[in-house]
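Structure first, then comments.
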Amino acid sequence: MRKFALLTALWIVCAGVARAQDPDEVPINPEMQREELINLEKENARAIKLHNVTFFKAAYSDDFHGVSRYGETVGKLGIVRETESLPMEFDSVVSTDHQVRLFRDSAYVLSLRSEVGRADGKRFYNQFRILRLYVNTREDGKSSHNWKPNW
């Protein structure tokens, strides 16, 4: 009985000393991460509307792979080229109905993108379901979050 009590006391002391997180690591706030990912989706839609490639150059990782609106598999440079050369003029590009799932350092966002505009003198109304996988990268070992679309 004494050995059992001694082992239990030792186990409790060891459990109290053990740390669940790195002392420099900031506790994760899932709601903040969720909002950050939704904001990235909204900025993505805004960049498409304005044909602004600056967003894609800054936000997308160099090893990004995705599918263009024409069904082609493209990398980061392909998305940049496509955005610059789109023959469409957009009146509105909106990202809504965001469904976010977080998994440690990765997440996915399923959203609905609605587009209204003109191409070749004709009006168009498009809706897409977008599924984007994000990977949370830590630059230079810092604990700040840096979500990057990856596929």
Side-chain angles (χ1 to χ4, degrees), residues 12-151:
I12 291 172
V13 169
C14 289
V17 173
R19 289 179 262 177
Q21 293 182 347
D22 220 5
D24 297 332
E25 190 173 325
V26 178
I28 296 172
N29 181 342
E31 187 57 31
M32 182 179 71
Q33 289 182 338
R34 183 181 174 285
E35 288 300 318
E36 183 179 359
L37 291 165
I38 290 172
N39 286 339
L40 283 170
E41 287 297 307
K42 289 178 179 180
E43 283 299 314
N44 195 312
R46 186 170 187 270
I48 290 170
K49 177 185 179 194
L50 301 174
H51 298 272
N52 183 356
V53 297
T54 305
F55 170 79
F56 299 104
K57 289 178 180 178
Y60 282 40
S61 64
D62 291 332
D63 63 347
F64 169 82
H65 291 81
V67 179
S68 73
R69 68 176 54 242
Y70 304 110
E72 303 167 330
T73 302
V74 294
K76 179 178 179 177
L77 293 177
I79 291 291
V80 168
R81 274 189 240 116
E82 180 183 315
T83 303
E84 286 176 325
S85 65
L86 271 176
M88 304 171 178
E89 289 300 319
F90 297 102
D91 297 330
S92 171
V93 180
V94 180
S95 180
T96 59
D97 191 27
H98 303 100
Q99 300 169 29
V100 178
R101 300 293 182 268
L102 297 165
F103 308 96
R104 290 191 183 217
D105 286 339
S106 63
Y108 75 78
V109 180
L110 180 64
S111 61
L112 179 67
R113 187 169 73 210
S114 304
E115 302 174 344
V116 177
R118 293 173 305 285
D120 299 325
K122 297 179 184 174
R123 297 219 18 101
F124 65 84
Y125 305 91
N126 295 331
Q127 281 195 321
F128 303 94
R129 272 287 173 193
I130 306 291
L131 176 63
R132 206 175 322 272
L133 172 67
Y134 288 86
V135 177
N136 189 0
T137 59
R138 299 175 195 274
E139 294 183 4
D140 301 328
K142 297 176 185 171
S143 48
S144 63
H145 298 289
N146 190 18
W147 291 101
K148 297 277 187 181
N150 198 15
W151 179 256

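The shortest non-hydrogen separation linking Ala107 to Leu102 is CB-CD2, 3.6 Å. Residues Arg34 and His98 come closest through the heavy atom pair NH2-O, 4.3 Å. When all heavy atoms are compared, the tightest approach of Glu82 to Ser68 is OE1-CB, 2.7 Å. Considering every non-hydrogen atom in both Ala119 and Met88, the closest pair reads CB-CG, 4.1 Å.
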Residues Val67, Glu72; criterion side-chain contact (heavy atoms from CB on, under 4.5 Å); working and verdict: CA-CA 5 Å; Val67 179; Glu72 303 167 330; over 6 Å; no
Residue pair Phe56, Ile48: steps toward the side-chain contact (heavy atoms from CB on, under 4.5 Å) verdict: CA-CA 9 Å; Phe56 299 104; Ile48 290 170; 3.8 Å; yes
Residues Phe64, Val135; criterion side-chain contact (heavy atoms from CB on, under 4.5 Å); working and verdict: CA-CA 10 Å; Phe64 169 82; Val135 177; over 6 Å; no
Candidate pair Arg118 and Asp91, rule side-chain contact (heavy atoms from CB on, under 4.5 Å), full reasoning: CA-CA 8 Å; Arg118 293 173 305 285; Asp91 297 330; 2.8 Å; yes
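Using the six-membered ring where Trp is involved, Phe90 and Phe124 have ring planes that are perpendicular, over 60° apart on the 30 and 60° scheme.
Between Arg46 and Phe55 there is no side-chain heavy-atom pair separated by less than 4.5 Å.
Between Glu84 and Arg81, no side-chain nitrogen of the basic residue sits less than 4.0 Å from a carboxylate oxygen of the acidic one, so the salt-bridge criterion is not met.
Going from atom CD of Glu43 over to atom OG1 of Thr54 covers 11.5 Å, rounded to the nearest 0.5 Å. Between the CG atom in Asn44 and the CG atom in Asn52 there is a gap of 11.0 Å [rounded to 0.5 Å]. Summarising the geometry, atom CG belonging to Leu110 is positioned 7.0 Å from atom CG belonging to Asp97; distances are rounded to the nearest 0.5 Å. Once rounded to the nearest 0.5 Å, the distance linking CD1 of Ile38 with CD of Glu35 reads 5.0 Å. In this structure, CZ on Arg113 lies 4.0 Å from CD1 on Ile130, to the nearest 0.5 angstrom. Leu37 CG to Tyr134 OH: the interatomic distance, rounded to the nearest 0.5 Å, is 6.5 Å.
In terms of modelled atom types and a separation under 3.5 Å, the side chain of Lys49 and the main chain of Val93 share no donor-acceptor contact. Between the His51 side chain and the Glu89 main chain, no donor and acceptor come within less than 3.5 Å of each other. Here the side chain of Lys42 pairs no donor or acceptor atom with the backbone of Ser95 at under 3.5 angstrom.
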